[in-house]
Amino acid sequence: MVVREQIAGRPPADTADGPVLLSPPDVGPLEESYLLNAVRSGWIAPVGPEIDAFEREVADRVGRAHAVALSSGTAGLHLALLALGTRPGDVVVVPTLTFVATANAAVYTGAEPIFVDCEPETGNLDPALLEQALHVLRRAGRRVAAVLPVDMFGSCADYERILPICASAGVPVVEDAAEALGAVRDGRPAASFGEMAVLSFNGNKIITTSGGGMLVSDDAELVARCRYLATQARQPVPHYEHLHTGYNYRLSNLLAALGRAQLRRLDGMLVRRRAHRDRYAKLFGATPGVRLLADQEAGANCWLTSIVVDPQAAGWRAADLARHLAARNIETRPVWKPLHLQPVFAGADRVLSGAAERLFADGLTLPSGSGMTEDQAARVAAAITDFLDRR
Ligand SMILES: *Cc1c(COP(=O)(O)O)cnc(C)c1O
């Protein structure tokens, strides 16, 4: 029944037994007033002052010089690869533990994704395996267009190791920070790593424009190239003149207004997401065989909190808890199914350790939304305590 609520796109009903969803949009009166002002301003198209302001505010927040607001994070990843000159026959290195969009962006350009496994502790791209993959690709004479590390569930990847490895191989890095706005690593904000970074404002992300994304970089030329491609590659002349194949990838001015309101509330949202993580850490603290994914990552934005269950030590499986919670109208989800296991990528090359497959088998993502009420959080806690008491 939880699934049906989501497909229908209805907001969570905050009733005693209404669904508790994983990460629904957290939108209120501030968003309403920003949107209304944007509508009344007459700037309804994918151009206007809200877009300019939203781009500047996000760029400032993540410490980048330039930004272009887009219709989705997927569009941002696609444009980033195009701007780097990615072409058919190239290879793009993608973590196997990620949302499908990271690899699809490579496929859109005609390049082949190659899947690299993750660190078991964090679910993030394993730097040692990345180095191995780049070595093998170089020996095979393949051109590697880019590496796309993902900041898994809002914990930044290990850029202290990844960036030097990529630099010495001469391969650019595009940070897939779709899940990571507000996170920090080593004092640097998420989306500040690599040649370019991409954020998502999809409905389930840390802030939302209902659908949207942004590409950020310190390189003005790369961002200008992406802006041009995102605007149908239209030449600056009065008639429609096109030298390249472009895309319709811009964000609407109305949605940028929604994003600006969300950005103003970001810090408060982060506090609430972190409180959920702390609560889960306490709930499972004394349970043998259970740990939090990326539990050592102090700078994580806690977009989603997942537990990892060792069935031998715990005496139960992640799926058992999922069933128990689903019966109480509480939504959970396995961590990403590794992309090398997806039928659509059946033939793709891979460098694996088995870590992502184990996280897929043993991981469970718990309700983490910043809009979760105290009553809902208490209901989730009671249901988990009840489950653990029966074991
Ligand atoms: C959400 C997400 C995307 C895609 O973002 P959209 O805005 O939904 O297109 C890309 N990569 C990762 C890791 C994501 O979680």
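Numbering of ligands and ligand atoms starts at 1, following listing order. Remember, it's a predicted structure, so these values are computed and weren't measured experimentally.
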Parallel, tilted or perpendicular: ring planes of Phe201 versus Phe54, cut at 30 and 60 degrees:
tilted
Can you list every pair where an N/O of ligand 1 is under 3.5 Å from an N/O on the protein?
| unit_1 | atom_1 | unit_2 | atom_2 | d |
| --- | --- | --- | --- | --- |
| ligand 1 | 5 (O) | Ser200 | OG | 3.2 |
| ligand 1 | 7 (O) | Gly73 | N | 2.7 |
| ligand 1 | 7 (O) | Ser200 | OG | 2.7 |
| ligand 1 | 9 (O) | Gly73 | N | 3.3 |
| ligand 1 | 9 (O) | Thr74 | N | 2.9 |
| ligand 1 | 9 (O) | Thr74 | OG1 | 2.5 |
| ligand 1 | 11 (N) | Asp176 | OD1 | 3.3 |
| ligand 1 | 11 (N) | Asp176 | OD2 | 2.8 |
| ligand 1 | 15 (O) | Glu179 | OE2 | 2.5 |
| ligand 1 | 15 (O) | Lys205 | NZ | 3.2 |

Asp151 and Tyr159: side chain donor to acceptor below 3.5 Å:
yes
I'd like to check Met269 versus Ile207 (side-chain heavy atoms, cut-off strictly below 4.5 Å). Are they in contact?
yes
Do Ser23 and Arg273 meet the criterion of a side-chain donor-acceptor pair at a distance under 3.5 Å?
yes
Without placing hydrogens or testing angles, list every side-chain donor-acceptor pair under 3.5 Å for residues 230-237, not counting sequence neighbours.
| unit_1 | atom_1 | unit_2 | atom_2 | d |
| --- | --- | --- | --- | --- |
| Thr231 | OG1 | Arg227 | O | 2.5 |
| Arg234 | NH2 | Pro238 | O | 3.3 |
| Gln235 | NE2 | Tyr228 | OH | 3.0 |

Report the relative orientation of the aromatic rings in Tyr247 and Tyr249; use parallel for angles under 30°, tilted for 30 to 60°, perpendicular for over 60°.
parallel
